[in-house]
Amino acid sequence: MSRRKPYEFREPAKSGPVVWRSLEDKVASPSTRKERAESEAGRQGFVGGLLGSGGLLKKAAPKEDLLAKQPRLSRRGFLATTGTAAAALSLQGCVRRPEENILPYVRGPEYSLPGIPTHFATVTERGGDSLGILVTSHQGRPTKIEGNSAHPSSRGATDLRGQAFIWDLYDPDRSRFPVGPGFPAAEEPEPAAEAASDEHPYEAPAAVAVSARWAGFDEAFGALVAAHEGNGGQGLRILTQPSNSPSFQRLRGLVKARFPQAKFHTYAPITDRNVLEGARIAFGQPLAPIFDFQRADVVVALDSDFLGLDTGNVRAGSQFGPRRAISNPDSDRMNRLYSVEATFSSTGASADHRLRLAARDIGAFLKNLAVALKDKGLELDAVGSAVTATDLGAEAAAWLEPLATDIIENRGRAPIVVGPRQPAAVHALAHSLNHALGNFGQVVDVFPPVDSEQGDTLASLRELVSEIDQVTTLVMLGGNPVYDTPGDVNFTELLGRDGLTSVHLASHFNETSEQATWHAPETHELETWGDQRAIDGTLSIQQPLIAPIWGARSALEVLGVLSGERNWRSHYVVRKTMRERIANPVTFEREWRRALHRGVVAGSANRPVRLATQPAAVAQALGAMPANEGTLGGGTVEVQFLPDPALFDGRYANNLWCLECPDPMTKLSWDNAALMSKTTRDELGLSNGQIVRLSRGDKSIEVPVWALPGHADNSVSLNLGWGRTRAGRYGNAQTWPGLAVEPDWKAGGFDVQAIRGLDGFDFAGGVSIEATGEEYELIPTQEHGYMEGRPIAIEATVEEYKAEPEFASYRTVELTVPPLWETQDYSAHEVATGRILHKWGMVIDLSSCTGCNACLIACQAENNIPAVGKQEVKRGREMHWLRIDRYFVGDSDADPQVSMQPVGCQQCEEAPCENVCPVNATVHSEEGLNDMAYNRCIGTRYCANNCPYKVRRFNYLDWHNHLDQPWSMHGAFPHVRQMGFNPNVTVRMRGVMEKCSYCVQRIQEAKFRVRREHRQLRDGDIAVACESACASRCITFGDLNDPNSRVTRLASMNRQYKLLAEIGARPRTTYLGRIRNPNPAFAGSGEEA
Amino acid sequence: MNIFPRQLNLLPIALGGAAFIGGGVLTLVVWYYLSPKNLQVGYAPEQPIPYSHRLHVGELGLDCRYCHANVEQSAEAMIPPTQTCMGCHSVVHSDQGAEDAPADAPLRPLWESWRNDESIDWVRVHKLPDHTFFNHSTHLYGATNENGDQVAIGCESCHGRVDQMEIVRIEEPIAMQWCLECHRDPGEHLRPADEITTMGWEPSTEWAAQVEAHVAAVNPPENCSGCHR
C-alpha cells in the first residue's frame, strides 16, 4: 500500500533502494553495501576503534583489510599501551579531593535562591523581525533558551539560531577590551590572561590595563564627537545593521539633529530589502507581508524557505506544522505545498510537489503562472497584459495547468510566497496575484516595516562606497563589512584611506576590527538592555540576564554617546523611549514591569495595512525586469548566495554548536561547499570534494563541489558565513593540528563573498566554472548510523493513507522469539500498589518535521553535549544525542523527494543495550526509562554495538576540552565556557557512554515541583528540550499511562509505527508515518513519484 | 665451585624486608590518598568562624530554617548570607565588630565580610560527587499520604544531632549504599513534615502504626536516574 516497500525478510531490492541517504548509497551494488557494512563493523570494533582509528599507535589499516586476520598491534605494543593506560589511570585516581569552600552572598539578592533557576523573558533580533524568548538562568548564568508563547514570532518555539546563540555569550574568543592607537591587540591566546583567569576565572585579565583601554577609547571617541560638533557632522558616517529597535530609531533622530550633515548607512549581507521594495512597487510604500499558514490550503513557495531561513520561520513553522499532522485520512485539514527553487531547502523538503529551477528563471515561472491564472479567468488589470509566457522546459510547463487549477479552486486560501532573494518585481507580481486571488486579509497581511527610514540596504552601502572620499569618521555599529560586503567593495582599502578614522563595535575582534582605527567590544544580546519590534510591530523589551562578562558596550550605548544624551546607558535609553509611549509615570512603572514579565508590550502590534495594489506600477516594474543574459551550461553556471542554516551570515562562525551542526540537506559538518546537481557535477567531470574555481568578471573563488540531489542543473548554491579568518579559535578557516600520526586537516569552509557583487548580490548568472584539480575533504554525516536499507522513515500519500490508514505499521512482523528477561508490565504497578507510575513515551510526527535542526541544538544546550571537531566527525564520533536522518525518496537522483527523521534513544522496553552491559551501567527504571549511569560505565561500548538504532555516543576523548587541548584532562578548557553548562546534567568524562535520556533531569524537576504544589503530574508539566524547541510541534512527550495525554492519543493513532518493530526491542518512541498530499492532477504523483 | 657470593644468601631476607616495607608504604599511600577524609564519618573541618550549632540550635533553639532558608524549596540547603548572621550579631557581641577588636575575636571574619562585602570562606562538610544530584526540598517537603498527613524526612536522619555539635561533622557515611538503604526502606525515617527540624523526635505509636501508608506515599526512587542524570 505504502509507497515505501513493506518490510519483508529478504535481501534489499536488487533494483536499488527507493530510499537512500546519499548518491553513493543509491548506486551501491549489494556487494559494495556488504563491504561497507563490514568496514563499519570493523570501525566499531574494540581494538580497531580504540587504537586504529584513534591513531594512538599507528594509522588504521585500509578499510578492506579490516576483516583480514592480521595483527595490527603486536603483543608488546599492547602490553605497553595497557600498562601506560593503567599507570595513567592510577595517577589520575591519586588526587586527594580538595577541601572545598562554600561562598555565600554577603547580602542575599532578592528572589535569587541557590539551586532554583529563574526565567526571564527577553527578545533576540532577526533583521526586520524579533524572536521572543524565555531564558533560564542558574544563579545569574543564562544557560538555555526557550520560546516565548506570548510573542507572535515565537509562539513558544525557537529555531536553530535561537537555541545556539547563547553559546556566543560564553565564547572564549569574544573581544575583551578596546583596541586602537596606543592600545595594540593582544596576541591570542594571551598567556597572562589565561594565567589570570585561572585565579579569577570570570574576571577580565589585567583589569587595570582594560580600564585604561576603555578610558583611551572614551577619550578618543569623545574627541571625534567634539570635532564633529564643530562642523555639524561633516564627514561623519554611521554604518549600522538593520535594526528593529525603537530606541535605535529615536537615537538616530537625535544624532541627525545634533549632526545635520552626518549620514546613516545600513548594510547586512542578508536582508529582506527585495521584499520591502516589492511591496513598495505594488502598494506604493514598503510593507512586510505576513502569511497565515494555518489558514492556507495551498501554498506556492517560489525560491522561498519560509520554514527554514527566511524571516518569520518560527511563526510559519508553528502554523504550517499542524496542517500536516492529520490523524484522519478523510480530513481536509491537510494543506498542499508547491515549491519551486534552485537549491534544496527545508521548505522544498516539506513540499508535496517540488520543481527545481534556476533562481533566475523563477520570475519567469511566476509570469507563466500569472498567464495561466489569467487564462483561467483571474482578473489582473494592467498586470495581465504585462506578463508574457516564457519557455522553461517541459516539466515547468506541465506544472502550470494543474497548479493554476488548484490555486483557482482555493482562491482566498492559496498564497504565493516569494523568497527574499528574488528581485522586487517578482515580489510585486506575487502581491498582485495574491490580491487578485483574494488572499489579502485571509492568508496574507501586510504590515508597516519596523524601520520605515531604513531604505534599501544595498543602495545604502553603494552610497557609502561612492562617497567615501567625503568621510572622515566612520562609526560601524556591529557587523563585519570587511568580510561580509560583496567582493566588488574593497572595504579594507576604504578603511585604510588617509584621513579616515573608523570605529568598529563588534563582539569579536574580527576582520573589520583588524582594519579599523578603533575597535570596542560589543555586548551580547543577553548582556544589555534594548527594545525590539517583531515584524507585526509587537514591541518587546530586551532585558539583560548577566552583566557584560568582559565589559562591553551595546550599539545603543555608542549611539547614545553620539546623540549627546545625558545618560547613555542602555537601561536609561530604553526607558526613555518607552516613556514616549506611556507618559503617565504611575502607569509607566506598572506597564514596564508587565512588559518585562510577559516579554511583549501589550497592544503594541500594528494593524495590517489595507491597500489596493497599483497594477500599473507592477506592470511597469515587470517590463523593466532585465532579461536573462546568456544561457547556462557548458562551463557557465548561475550562482546563488544563501544564508547558512547554522552560521547564517557568519555571525555564528565561532559557535561550536553551529559549526558541527550538520546541514539539514547536505549533512555536511564543519564546511560549506558549492552545491550543484549531480548532472552538472558529472558534466564537469568532477566528484564530490574536488575544488572548482568559480569566476565572475575578474573575481574568483575556489570551493569544493558537492552534489545535492534535487538541485537545479547549471546552478550553484553557495552558503555565506564560512571561510572566516578572524572568527576565533574554532571558526577560522584553518589547518588544525592533527592528532598523532594523522595528517593535518582543514576545516571552517570557504568565503564566497568575492564573486558576490553589488549587482548579482542574491544570484548571478554568467559565472564560469572550472576544475582546479585539487581536493578537499568534506565530511558528511549522512551515512553515519546507516540502517542497511531497512524501512525506517515510512511515508504515504493521502490516497494511500485513505486506502490503508495503518500503512505505517502495515505488515509489521510480530515478534515470535521470547524476550531474554521476564517482560515487565509498566502499567500494572499502578493497580498492584496503588502508586502512580509513569510510563514515559515520545511521539515524533514525520509529517510535520522540516529537519531544521532546532531540536538537535536544543538537546546539545540542555544536556551539555560537546562538539568534537571535524576530524572526529569523520570517524563517526559526533556526540549529538538526537540526529536528524535525511532520506531521499524516489528513483530519480536528479529530482527526489525528502523525508526527515529525528532519531534519539528509543528507550526500548527490551533494550538490547542493557543485556550486554557487563557492569549494569545502563538499566531500566520502573518508569521504563533506559537509564545511563555514567559513573558506572567502564567504556566497553558493547551497548553501542548492540543498539539497533545507533543512538549511543561514546566519549572517546575528553571532548569538551578536545578542540582546545586534544589530550589534556580539563587542562586548558576555557573557564568561561564552563559557565554555560546546565548544572542539572553531569558533564561526562572521557571513556563513558552517553545517550538521550528523555531529559530525565526535567522529569525529576517536574516531580519535585508538583510535590511542592500538592498535586500529581499532569500532561504538559514536562516539556523535553527537543519538544519545546520544535516550531512545527512534531515532537510530543508524555505519560503513556495517562489515557488522556497527548502522547497516548498520538501513539495510538493509525499512522503510528515503531522503528524496527520486528526485532522486539519495544521502543517507547513512536513515529507517525509521513503523509504527502500530491495533487492528483499531476502526472507522476502517486506510486512512482 | 661457588658461583654465587655468600652475601647473596641475604637476598631473600632483603627482598622480604623490602616487600614488607614497600608493601607498608604502598598500603599507607593508598590508604591516605584513596580515602578522602572529607567523605568519612567524623570529618569536621575547622571553619573560619567557630560557629557552634550546639549553642545556636541546642541552647538558643533556632530553627534550622532560620539560616538554611529555602531548604524546602531548593535542591541546596544554602549557607546563609552574612546578612542573616548580622541580623542578630549587629547587636549581639557587637563589640567584636569594632575596628580595634582583638585579631582573634571569633566574630571578626563576620564583620570583615560585612564591611568589605566579601564572602566568608566556609568549608564544605557534606560533599556529593558531581554526578549525583541530591535535592533537599523533595526530602523535606515529602509527600501527602492517604490520610492527608504530610510525610517527610527530618534533618536529623542524615545530619545527626546537629544541636549537640560544637563543630559540624559528617555523621553518616554519605555513600550510595547508605542512600539506597533508606530509599528501599524509608519507614523508620519518615516523620510529619512539621517535625522535620525537631531534634530527637520519637514517633508516636499511631504514627508508627501507619508506616506502610507513609512509605507508599513517599515512593522513593531506586533507579539510577533518581539521582544520576
Side-chain angles (χ1 to χ4, degrees), chain A residues 90 93-109 113-116 139 833-837 863 920-927 929-936 982-989 992 997-1005 1007-1009 1011-1012 1014-1015, chain B residues 29-30 32-34 36-39 45 48 69-84 86 113-114 116-125 127 129-133 135-138 141-144 146 150 176 216-219 221-229:
Chain A
S90 52
C94 281
V95 179
R96 244 186 124 67
R97 306 230 177 146
E99 196 171 74
E100 208 173 276
N101 287 332
I102 300 178
L103 304 181
Y105 289 113
V106 175
R107 292 165 181 82
L113 307 178
I116 301 181
Q139 283 186 275
T833 64
R835 303 195 304 197
I836 305 282
L837 267 177
N863 292 304
N920 270 354
T922 181
V923 289
H924 246 68
S925 80
E926 56 185 357
E927 293 169 352
L929 291 182
N930 178 229
D931 286 349
M932 184 69 221
Y934 305 120
N935 41 315
R936 266 190 188 175
N982 180 354
N984 291 326
V985 177
T986 311
V987 178
R988 279 82 58 186
M989 266 300 295
V992 300
S997 64
Y998 270 0
C999 282
V1000 66
Q1001 67 280 4
R1002 293 195 177 200
I1003 297 175
Q1004 299 291 5
E1005 289 300 322
K1007 283 188 190 166
F1008 299 152
R1009 192 174 70 238
R1011 273 197 169 181
R1012 292 199 293 272
H1014 288 286
R1015 61 182 179 92
Chain B
V29 164
V30 170
Y32 182 74
Y33 278 105
L34 297 190
K37 64 177 180 187
N38 49 4
L39 292 187
N70 305 312
V71 68
E72 286 173 290
Q73 277 83 46
S74 169
E76 295 178 28
M78 216 178 106
I79 301 297
T82 310
Q83 205 174 14
T84 307
M86 292 307 287
S113 158
W114 187 245
N116 306 335
D117 205 23
E118 277 175 12
S119 298
I120 303 170
D121 291 357
W122 297 104
V123 181
R124 185 184 271 279
V125 182
K127 175 165 166 51
D130 288 347
H131 54 252
T132 309
F133 294 85
N135 191 308
H136 274 100
S137 71
T138 198
Y141 207 85
T144 318
E146 56 194 21
Q150 192 74 8
M176 190 162 116
V218 294
N219 184 18
E222 290 166 40
N223 45 61
C224 307
S225 57
C227 308
H228 305 296
R229 294 161 209 164

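Naming convention: chains lettered A, B, ... in sequence-line order (proteins, then strands); numbering from 1 in each chain.
- For a residue to count as touching a neighbouring chain, one of its non-hydrogen atoms must lie under 4.5 Å from one of that chain's; by this rule S225(B) touches chain A with backbone and side chain alike.
- Evaluated for a side chain to side chain donor-acceptor pair (under 3.5 Å) with Y141(B), the options R1011(A), R1012(A), H1014(A) yield exactly one hit, H1014(A).
- Considering only heavy-atom pairs separated by less than 4.5 Å from chain B, the leading option among I1003(A), L929(A), N984(A) is N984(A).
- Both the backbone and the side chain of S113(B) come within less than 4.5 Å of a heavy atom in chain A.
- Between the CZ atom in R124(B) and the CG atom in L103(A) there is a gap of 10.5 Å [rounded to 0.5 Å].
- Smallest separation of non-hydrogen atoms from P104(A) and I79(B): CB-O, 3.5 Å.
- Shown here for P114(A) and E76(B), the closest heavy-atom pair between the two residues is CB-OE1, 3.7 Å.
- For the pair R229(B) and T986(A), the tightest heavy-atom approach, listed with the atom from each and the gap, is O-OG1, 2.6 Å.
- A centroid separation of 6.0 Å or more is found between the aromatic rings of H136(B) and F1008(A).
- If you tally non-hydrogen atom pairs under 4.5 Å between each of D130(B), T84(B), N135(B) and chain A, the highest count goes to N135(B).
- Using a 4.5 Å cut-off between heavy atoms, E222(B) does not touch chain A at all.
- The contact between D121(B) and chain A is made by backbone and side chain atoms together, counting heavy-atom distances below 4.5 Å.
- Looking at every heavy atom in both residues, G108(A) comes nearest to P81(B) through N-CB, 3.9 Å.
- Residue contact with chain B, scored on non-hydrogen atoms closer than 4.5 Å, involves the side chain of R936(A) exclusively.
- In this structure, no portion of P48(B) lies under 4.5 Å from any heavy atom of chain A.
- H228(B) contributes atom NE2, which lies 5.0 Å from atom CG of N935(A) (distance to the nearest 0.5 angstrom).
- For A217(B), the part sitting under 4.5 Å from any heavy atom of chain A is the backbone (N, CA, C, O) and nothing else.
- Here the straight-line distance linking atom CG of N223(B) with atom CD of E927(A) works out to 6.5 Å at 0.5 Å rounding.
- Of all the listed residues (A69(B), G142(B), A77(B)), the one sharing the greatest number of non-hydrogen pairs under 4.5 Å with chain A is G142(B).
- Of the two parts of N101(A), the backbone and the side chain both hold a non-hydrogen atom closer than 4.5 Å to a non-hydrogen atom of chain B.
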